Amino acid sequence: MAGLCAAARARELGGSPGVFEKGTRAGGSMLLSSGVIWRYRDFDEFRAQCPDGDERLQRVVFDGLDEGLEWLESLGAPVVTRETGNPLTTGVRFDPQGLTDTLARAAGDVRFGQPVTVTVTVTEDPLVLASGGFQGDPELVERYVRPAAPLRVRANPWSDGAGLRVGLERGAALSDGLDEFYGRNMADVDFDEDGFVALAQVYGRFARIFNERGEEFFDHNAVSWSELDLVQATAHQPGARAWYLLDDEALDEQVRYGTVRELVAAAPTRTNPAELPFEPPAGTVAAVRVAAAITHTIGGLRVDDQARVLNEQDEPIDGLLAAGADVGGISTGGYASGLATALVLGRQAAETALS
Ligand SMILES: Cc1cc2nc3c(=O)[nH]c(=O)nc-3n(C[C@H](O)[C@H](O)[C@H](O)COP(=O)(O)OP(=O)(O)OC[C@H]3O[C@@H](n4cnc5c(N)ncnc54)[C@H](O)[C@@H]3O)c2cc1C
């Protein structure tokens with residue numbers, strides 16, 4: 001998304017950008033997403049939810065989002081609803097296919113199957129790194145996130161850290177929170193894009209949460225609304241797995257896509273509590289085996305408030321910009337909309353490049 005936003009904005013400002021797209025289609029993970037582009041209702045809430053993020057960058061995203069949303073609509077991106085369904089946040093839900101088509105049209109020159117790499121210099125002009133994070137490279141995930149076992153990827157198949165590598169090659173500094181990621185605890189089976197939402201088990205806050213050794217490693221009362229803290233903690237358990245154990249009360253809880261009972265019934269890894277490898281707590285009537293999956297990394301390149309990539313001395317690297325999940329330090333310590341970061345920093349990168 002960030003690259004398309006940068007190109008579309010650059011064209012609007014009179015530039016002649018080209019988008020080098022590794023994939024066979026436009027839209028990256030944006031196309032696979034639920035399309036909800038959001039921010040916290042007030043900045044203090046953003047700071048409280050993502051306390052370890054870079055406040056200057058958070059300000060840029062927070063302040064720039066409403067204008068960015070209006071811009072998307074002005075380009076013709078189709079709105080599904082102006083509700084996020086979360087009282088803490090405000091934003092707009094777009095149809096992901098319509099959003100992708102709109103941005104690809106506005107970006108103009110998108111060249112498919114043309115990856116940016118450290119060895120291929122694509123341009124002498126300013127370069128905006130927008131490759132969507134490093135979740136697709138198991139080696140980088142192992143180095144920075146350090147999960148207990150390889151994580152399944154719940155994202156487009158092409159984002160494997162090219163932005164990070166190019167940035168490092170050119171002397172970039174990295175943000176804090178390199179071990180953090182946005183993802184979901186999924187039913188512990190192999191899946192493809194069709195399973196990204198259907199297999200997500202987002203009701204850990206109602207479950208008792210155990211690892212394979214039978215240790216209750218996370219207090220369900222402490223699980224955050226996004227459940228990212230639980231997903232990240234699961235990644236560090238044996239096998240990067242967990243068991244969600246549910247009693248009758250938990251099964252009756254309502255979550256986004258139905259009751260917990262309905263989600264559990266549909267989960268391919270639901271298990272009879274009698275068959276668990278450890279003694280479950282009294283009252284457990286259902287169990288689901290989950291594994292942490294990664295959608296995108298939260299740590300990444302360090303940039304300033306103009307989307308310029310910074311070196312270790314905090315100086316901008318000439319002609320190098322970054323946007324979207326290639327940038328670290330925005331939702332550190334919590335969760336914020338990745339689509340919002342892509343939209344705002346993508347637009348900002350274009351404005352900086354053409355200023
Ligand atoms: C199931 C699902 C639901 C989601 N729902 C939401 C939601 O409702 N709200 C929200 O805010 N976020 C959501 N997200 C997250 C959101 O999709 C991402 O945060 C967002 O797409 C990140 O934008 P980006 O531009 O950084 O990466 P992407 O949108 O993934 O774009 C990166 C692009 O870079 C390309 N690329 C990778 N490597 C190279 C290379 N070497 N050279 C050239 N091109 C390259 C990729 O092919 C891709 O097209 C969801 C994600 C998923 C998977």
Side-chain angles (χ1 to χ4, degrees), residues 1-35 37 68-69 71-79 94-137 153 155-167 193 196 295-296 300-301 303 307 309 319-327 338-354:
M1 179 185 199
L4 294 177
C5 289
R9 183 71 181 130
R11 280 227 314 178
E12 208 171 58
L13 295 172
S16 311
V19 179
F20 292 81
E21 168 55 64
K22 181 179 176 182
T24 49
R25 56 148 180 87
S29 292
M30 170 181 67
L31 180 65
L32 310 173
S33 79
S34 308
I37 311 182
L69 292 171
W71 176 75
L72 287 178
E73 282 197 57
S74 76
L75 295 176
V79 171
F94 291 91
D95 169 60
Q97 184 68 62
L99 180 60
T100 300
D101 294 345
T102 301
L103 282 172
R105 210 170 30 241
D109 180 14
V110 182
R111 305 166 205 179
F112 294 103
Q114 294 209 31
V116 174
T117 68
V118 283
T119 49
V120 178
T121 304
V122 291
T123 172
E124 296 297 320
D125 295 324
L127 177 64
V128 180
L129 301 173
S131 72
F134 61 83
Q135 60 279 356
D137 182 331
V153 177
N156 82 70
W158 301 295
S159 295
D160 59 3
L164 188 86
R165 290 181 201 279
V166 172
E193 289 172 14
F196 284 2
T295 296
H296 64 74
L301 299 169
V303 304
V309 177
L320 196 63
L321 302 119
D326 280 353
V327 169
L339 295 174
T341 295
L343 168 60
V344 175
L345 288 183
R347 275 166 49 87
Q348 179 61 56
E351 287 166 16
T352 303
L354 290 166

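Position 1 is the first residue of the sequence; numbering continues from there. Being a predicted model, the structure only gives us computed values, none of them experimental.
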Closest heavy-atom pair, Val19 versus Ala107, reported as atoms and distance to 0.1 Å, is CG2-CB, 4.3 Å
Would you find a donor on one side and an acceptor on the other, under 3.5 Å apart, between the side chain of Asp160 and the backbone of Phe134?
-> no
Would you please name every residue forming a side chain to side chain contact (heavy atoms under 4.5 Å, CB included) with Asp95, sequence neighbours left out?
-> Pro78, Val80, Gln97
Which atoms form the tightest heavy-atom contact between Val110 and Ala104, and what is the distance?
-> CG2-O, 4.3 Å
Residue pair Thr102 / Leu72, side-chain heavy-atom distance below 4.5 Å = no
Is there side-chain contact between Leu321 and Val303, with at least one heavy-atom pair below 4.5 Å?
-> no
Which atoms form the tightest heavy-atom contact between Ser33 and Leu339, and what is the distance?
-> OG-CD1, 3.6 Å
Verify side chain to side chain contact (heavy atoms under 4.5 Å, CB included) between Thr100 and Arg25, making sure each step is shown before the conclusion.
-> CA-CA 10 Å; Thr100 300; Arg25 56 148 180 87; over 6 Å; no
Under 4.5 Å between any side-chain heavy atoms of Met1 and Leu99, yes or no?
-> yes
Give a yes or no answer on whether the side chain of Ser159 reaches the backbone of Ser131 with a donor-acceptor pair at less than 3.5 Å.
-> yes
What's the spacing between Phe94 CZ and Leu69 CG if we round to 0.5 Å?
-> 5.5 Å
On a heavy-atom basis, the closest approach of Pro96 and Met30 is CB-O, 3.7 Å
Please walk me through it: do Leu343 and Trp71 pass side chain to side chain contact (heavy atoms under 4.5 Å, CB included)?
-> CA-CA 10 Å; Leu343 168 60; Trp71 176 75; 3.9 Å; yes
Under a 4.5 Å cut-off applied to non-hydrogen side-chain atoms, are Leu103 and Cys5 in contact?
-> yes
Which atom pair, heavy atoms only, marks the closest approach of Val128 to Ala6?
-> CG1-CB, 4.4 Å
How far does CG of Leu4 sit from CG of Asp101, to the nearest 0.5 angstrom?
-> 10.5 Å
Side chains of Glu351 and Leu13: closer than 4.5 Å at any heavy-atom pair?
-> yes
Glu21 CD to Arg111 CZ distance, which is reported to the nearest 0.5 Å = 12.5 Å
Any idea which heavy atoms bring Gly167 and Leu301 closest together, and the distance?
-> CA-CD2, 4.0 Å
Using atom types as modelled and distance alone, determine if a side-chain donor or acceptor of Arg11 lies under 3.5 Å from a backbone N or O of Ala106.
-> yes
